[in-house]
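Below is one structure, written out as structure tokens, with a few remarks after it.
Please read these numbers as outputs of a predicted model, since none were measured by experiment.
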Amino acid sequence: MPQIRLTLAVAALAAASAGSALAASPNIQGDWLTQSGTGKVRIAPCGPKVCGTIVWLKSPNDRETGRPQLDRANPDPAARTRPVLGLQILKGFSEGTNGRWTGGKIYDPQSGRTYDSKLSLTPEGALKVEGCISVICQAQTWRHAD
């Protein structure tokens, strides 16, 4: 009987530890307002990785034509007719340690360029989004959109 109690106690302790580790794991999934406040990106799983899609734009339509903004700067001519709204701009991120996601890419529809990228949560709960060329990175801070 003491062996069973010890086994149950160890199992309960392991379950409690696993639960607290999951609760402590930072989560970047959800909607994030870009630094400029002109777009909202939804971060969600895409297979085993995490990706982000533009789900809202302050100005979704082109000023000149009144039609949806298009991905006109894309280096692929066939992709230049895609609407920016609904465009996946973050892809391929894997969760690392200490609230960091790495190994991903970020696409900038304004320039048509794709950059190596990493994401991290700040202590305040904002999302630091970095785009990098080689070892030089530029960062933006996105805030959670409620």
Grab the two heavy atoms, one from Leu90 and one from Gln88, that are nearest each other, plus how far apart they are. O-CG, 3.4 Å
Assess the side chains of Lys49 and Ser94: does a donor N or O sit below 3.5 Å from an acceptor N or O? yes
What distance do Lys58 atom NZ and Thr38 atom OG1 have between them, rounded to the nearest 0.5 Å? 8.0 Å
Flag the pair Thr53 / Val41 as yes when at least one side-chain heavy-atom distance between them is below 4.5 Å, and no otherwise. no
In terms of heavy-atom contacts, Gly112 and Pro75 come closest through O-CD, 3.1 Å
Compare every heavy atom of Gln110 with every heavy atom of Ala73, then report the nearest pair and how far apart it is. CB-O, 3.6 Å
Mark yes when over 12 heavy atoms from residues, nucleotides or ligands other than Asn98 sit less than 6.0 Å from its CG; otherwise mark no. no
Can any side-chain N or O of Ser59 pair as donor or acceptor with the backbone N or O of Asn61 at less than 3.5 Å? no
Show the numbers, then the answer: is there a side-chain contact (heavy atoms from CB on, under 4.5 Å) between Cys132 and Gln138? CA-CA 6 Å; Cys132 307; Gln138 286 191 328; over 6 Å; no
Mind running side-chain contact (heavy atoms from CB on, under 4.5 Å) on Arg113 and Ile133 for me, showing each step along the way? CA-CA 11 Å; Arg113 297 191 64 184; Ile133 298 175; 3.9 Å; yes
Can you check whether Gly104's main-chain N or O pairs, donor with acceptor, with Ser117's side chain at less than 3.5 Å? no
Should Val55 and Phe93 be regarded as members of a common hydrophobic cluster, given that ILVMFWY residues are connected when their side-chain heavy atoms come within less than 4.5 Å of each other, either directly or indirectly? no
Following the transitive rule for hydrophobic clusters with a side-chain heavy-atom cut-off under 4.5 Å over Ile, Leu, Val, Met, Phe, Trp and Tyr, establish whether Ile43 and Tyr115 coincide in one cluster. yes
Are more than 12 heavy atoms, taken from residues, nucleotides or ligands other than Arg143, located less than 6.0 Å from that residue's CZ atom? no
When clusters are formed by joining ILVMFWY residues with side-chain heavy atoms under 4.5 Å apart, either directly or through shared neighbours, do Leu70 and Tyr107 land in the same one? no
So if I apply the side-chain contact (heavy atoms from CB on, under 4.5 Å) rule between Lys40 and each of Trp142, Trp56, Trp32, which one comes out positive? Trp56
So which heavy atom on His144 is nearest to which on Gly30, and how close? NE2-CA, 4.4 Å
Hey, does Ile89 have a side-chain heavy atom less than 4.5 Å from the side chain of Lys105? no
Under the criterion side-chain contact (heavy atoms from CB on, under 4.5 Å), I'd like the reasoning laid out for Leu127 against Gln140: C-alpha separation, chi angles, the key distance, then a yes or no. CA-CA 8 Å; Leu127 185 66; Gln140 287 191 359; over 6 Å; no
Cluster link Leu33 to Leu119, ILVMFWY, side chain under 4.5 Å: no
Looking at Gln35 and Ala139, what are the two nearest heavy atoms and their distance? OE1-O, 4.4 Å
What heavy-atom pair brings Gly92 and Cys51 nearest, and what distance separates the two atoms? N-SG, 3.9 Å
Which distance, rounded to the nearest 0.5 Å, do you find between the CZ of Arg100 and the CG of Leu121? 11.0 Å
Non-hydrogen side-chain atoms of Val50 and Ile28 separated by less than 4.5 Å: yes
Before you tell me yes or no, could you show the steps for Asn74 and Arg80 under side-chain contact (heavy atoms from CB on, under 4.5 Å), namely the whole-Å CA-CA distance, both residues' side-chain angles and the distance that decides it to 0.1 Å? CA-CA 6 Å; Asn74 196 299; Arg80 293 179 188 159; 4.2 Å; yes
Check: Pro109 and Gln69 side chains under 4.5 Å, non-hydrogen atoms: no
Is Val84 close to Pro68 at the side-chain level, that is, under 4.5 Å between some pair of heavy atoms? no
Would you check if the side chain of Thr34 reaches a backbone N or O of Gly39 as a donor-acceptor pair within less than 3.5 Å? yes
